[in-house]
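In what follows, chains carry the letters A, B, and so on, assigned in the order in which the sequence lines appear, proteins first and then strands, with residues in each chain numbered from 1. The figures that follow rest on heavy atoms only: side chains count, while hydrogens, waters and symmetry mates do not.
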2 protein chains.
Amino acid sequence: MAVKLNPHVSVDCVIFGFDGQSLKVLLIDRNLGLTPEKQTAPNSLKLPGSMVYDDEDVDTAAVRVLKELTGLENIYLQQLKVFGSPDRLSKKDDLDWLQKATRMTINRVVTVAYYALIKLHKAMPCEGKVIWQDTQNIPELAFDHRDIVIEGLTALRKEVQYEPLVFELLPKKFTIRQLQTLYEIIEGRKFDNRNFRKSISRWQYLQPIDEKEKNVAHKPAQFYRFDKRAYQRLKKEFFE
Amino acid sequence: MAVKLNPHVSVDCVIFGFDGQSLKVLLIDRNLGLTPEKQTAPNSLKLPGSMVYDDEDVDTAAVRVLKELTGLENIYLQQLKVFGSPDRLSKKDDLDWLQKATRMTINRVVTVAYYALIKLHKAMPCEGKVIWQDTQNIPELAFDHRDIVIEGLTALRKEVQYEPLVFELLPKKFTIRQLQTLYEIIEGRKFDNRNFRKSISRWQYLQPIDEKEKNVAHKPAQFYRFDKRAYQRLKKEFFE
DNA sequence: TCAAAAGTGTTTATCTTACACCCATGG
DNA sequence: CCATGGGTGTAAGATAAACACTTTTGA
C-alpha cells in the first residue's frame, strides 16, 4: 500500500445553551454576509470548529474555538467522539467550502467532536454571527454535523444523570422551577414538583441566597445558587 | 502561521480480559525476539495499535488491530478518548522506535484510544507475542499508554454500572460466583452473595442452562448464559 | 378579589441492606 | 465423615411515587 497516512485533524463543538424555555445548540451560518451567488446551498448551517494547529493540543484547539466564538473561558467542555469516516466530506458543497475556507487541498478530515455547556445570557459577544437552534428540531447540517449534534444530545442526557451539569447551563442565581424545567427538557419527561423539591433538598451544594424574584404577579420564588466548592468537597468525601 | 496541519492519526486498543482471578490488559513487548543491543529501554511495553490507513475509517482501523492480533471478530469495542497532546512522543526511545517501525518521518501522532472486552480463553492465537498484565499493577509504558490504560479502566468501571458488559468478559457458560467475582474485581468492592443473587434474579436475560459444574469437591454450581436477544428486546421495550 | 405560580406532608409500594444455616459433592 | 463452596429467606430501614391545598404577589 502506498501510504500517506496523514489526514487533517479538526475539532467541532456542540455548544448547548438554555434560554429558560428550551435547549439550544449553537450553529454557524456559512452564508451570512455573502452575496447569493457565493452562498452554499442548501445546508449552510454547521457546527463551530477549526483545524487543529501544528503543535497545538487537540483539547486546546476546542478551548480556542470556544474562546474565539463566545469570548468565554472556563467553559464546561468534554470530548464526545471522533468522527473518522473517510466519506465525511462526500457532499461536494462541503468539500468546496472547506478548500476555500482553509485555502488548502484537503482530501480527508478526521474530526474530534466536543460538547460544551454555556450560560446563554453571557454568550452575547457572538450575537448576529450565529444561530441558536432549538434541539427539538435539528435540520440537515453540513458534513455529518447533524449526527454529531445528536450524539451530543445523547451524551448530555446520559451525563446529566450522574453529574450536576445543569448548573453550567443555568444563570448564577436561579429558581427551583427553572432547575426543574431544565431537567424536564433534557430528560424529556415531567416531574412532580413536590417530589422534585424533596429530592433536591438533599443536595447540600444547592444553596438558597438572600434574594427573591421581583415584579412577578404571584408569590415570588426563592433564588438558589450552586456551590461548586461544596460539591467537590462532598464528592471527594464520598470516594473515601 | 505557517500551517502543515497534518498530524498522523493512530488507534490504540486497551483490550481487557478476565481469567477467573483478575482483570488483565493486553500489552505488546517491543523487545520480544530482538537481540539485546536492538532492544528499547526501558519501557518496552505498549498497547496494540496502528496508524489509520488512507481511506480507512478510524473505527475500522481499531477493528483491524483486534482482528490481526487475536483473530477474533465481533468484539465489544468502544471509543474511549483522543490523546492529542503534541508532546506525546517526547520520549526519545519511543520516537526512534516509531520511525523505524513505520519507516516514516513522524513528528506528531494523534491517537484515538479504544477499549475492547474479550473472552480470554478464546484469544489464544496471540499467545507468546503478548503479555496479559494484571490491571492492579500497571507499570510505566511506552508513550502515554499508561494514562490510556487508566482511562480505560475508569470508563469500564463506569459503564459496567449501566450496561451488561461483564458478559463480554465471561465464557459463554458461567456460574453466579464467577459473575460476582468479576463485578467485585471491576468495581473494587465485595458483595453479599445472597443479596447479589437476589439482585441478578431480576435479570430476565440471565438464564440457567441444563448443565452443572463437574468434578468439584463441593455442591456443583449451576451454569448460566447471557441471552443477548432477550436483553436487547427488554431494553427496546424499556424505551417505549 | 382574582389569577398565577410558589411552596409544603403523608401514605404506600419498592428497593436495599444486614445477617446464618443446610445442601451436594469429592476425597 | 469431613472439608468446601453452593444455594436459600426474612426483617428493618431507605428511597421513590402518588396526590391537594394554602401562600404571596401584581394587576
Item to check | Check: Thr111(B)/Arg88(B) side-chain N/O donor and acceptor closer than 3.5 Å | outcome: no
Checklist entry - Think Arg177(B) has a side-chain N or O under 4.0 angstrom from the OP1 or OP2 of dG6(D)? => result yes
Checklist entry - When the distance from CZ of Phe196(B) to C1' of dG7(D) is rounded to whole Å, what number comes out? => result 14 Å
Checklist entry - Which is the 5'-most and which the 3'-most nucleotide of DNA chain C that has an atom under 4.0 Å from a heavy atom of chain A? => result dA3(C) to dT10(C)
Checklist entry - So Tyr162(B) and Tyr162(A), would you call those rings parallel, tilted or perpendicular, with 30° and 60° as cut-offs? => result parallel
Checklist entry - Rounded to whole angstroms, how far apart are CD on Glu213(A) and C1' on dG26(D)? => result 13 Å
Checklist entry - Please give, in whole Å, the distance from dG6(D) P to Lys212(B) NZ? => result 13 Å
Next on the checklist: Rounded to whole Å, how long is the line connecting atom NZ of Lys214(A) with atom C1' of dT24(D)?
Outcome noted: 16 Å
Item to check | Qualifying residues under side-chain contact (heavy atoms from CB on, under 4.5 Å), relative to Asp29(B), sequence neighbours excluded | outcome: Asn31(B), Leu32(B), Ser44(B), Leu45(B), Ile131(B)
Checklist entry - Heavy-atom distance under 4.5 Å between the side chains of Leu179(B) and Phe167(B), does that happen here? => result yes
Checklist entry - Starting at CZ of Arg189(A) and ending at P of dA18(D), how long is that distance when rounded to a whole Å? => result 11 Å
Next on the checklist: Please tell me whether Tyr224(B) and Phe174(B) form a close aromatic pair, meaning their ring centres lie under 6.0 Å apart.
Outcome noted: no
Checklist outcome for this item: Whole-Å distance, Asp192(B) CG to dG7(D) C1', equals 12 Å
Next on the checklist: I want to confirm an ordering. Mapping Asn215(A) and Lys198(A) to their closest nucleotides on DNA chain D, which one lands closer to the 5' end?
Outcome noted: Lys198(A)
Item to check | Pair Glu211(A) + Lys173(A), salt bridge at N-O below 4.0 Å | outcome: yes
Checklist entry - Starting at CD of Gln178(B) and ending at C1' of dG5(D), how long is that distance when rounded to a whole Å? => result 13 Å
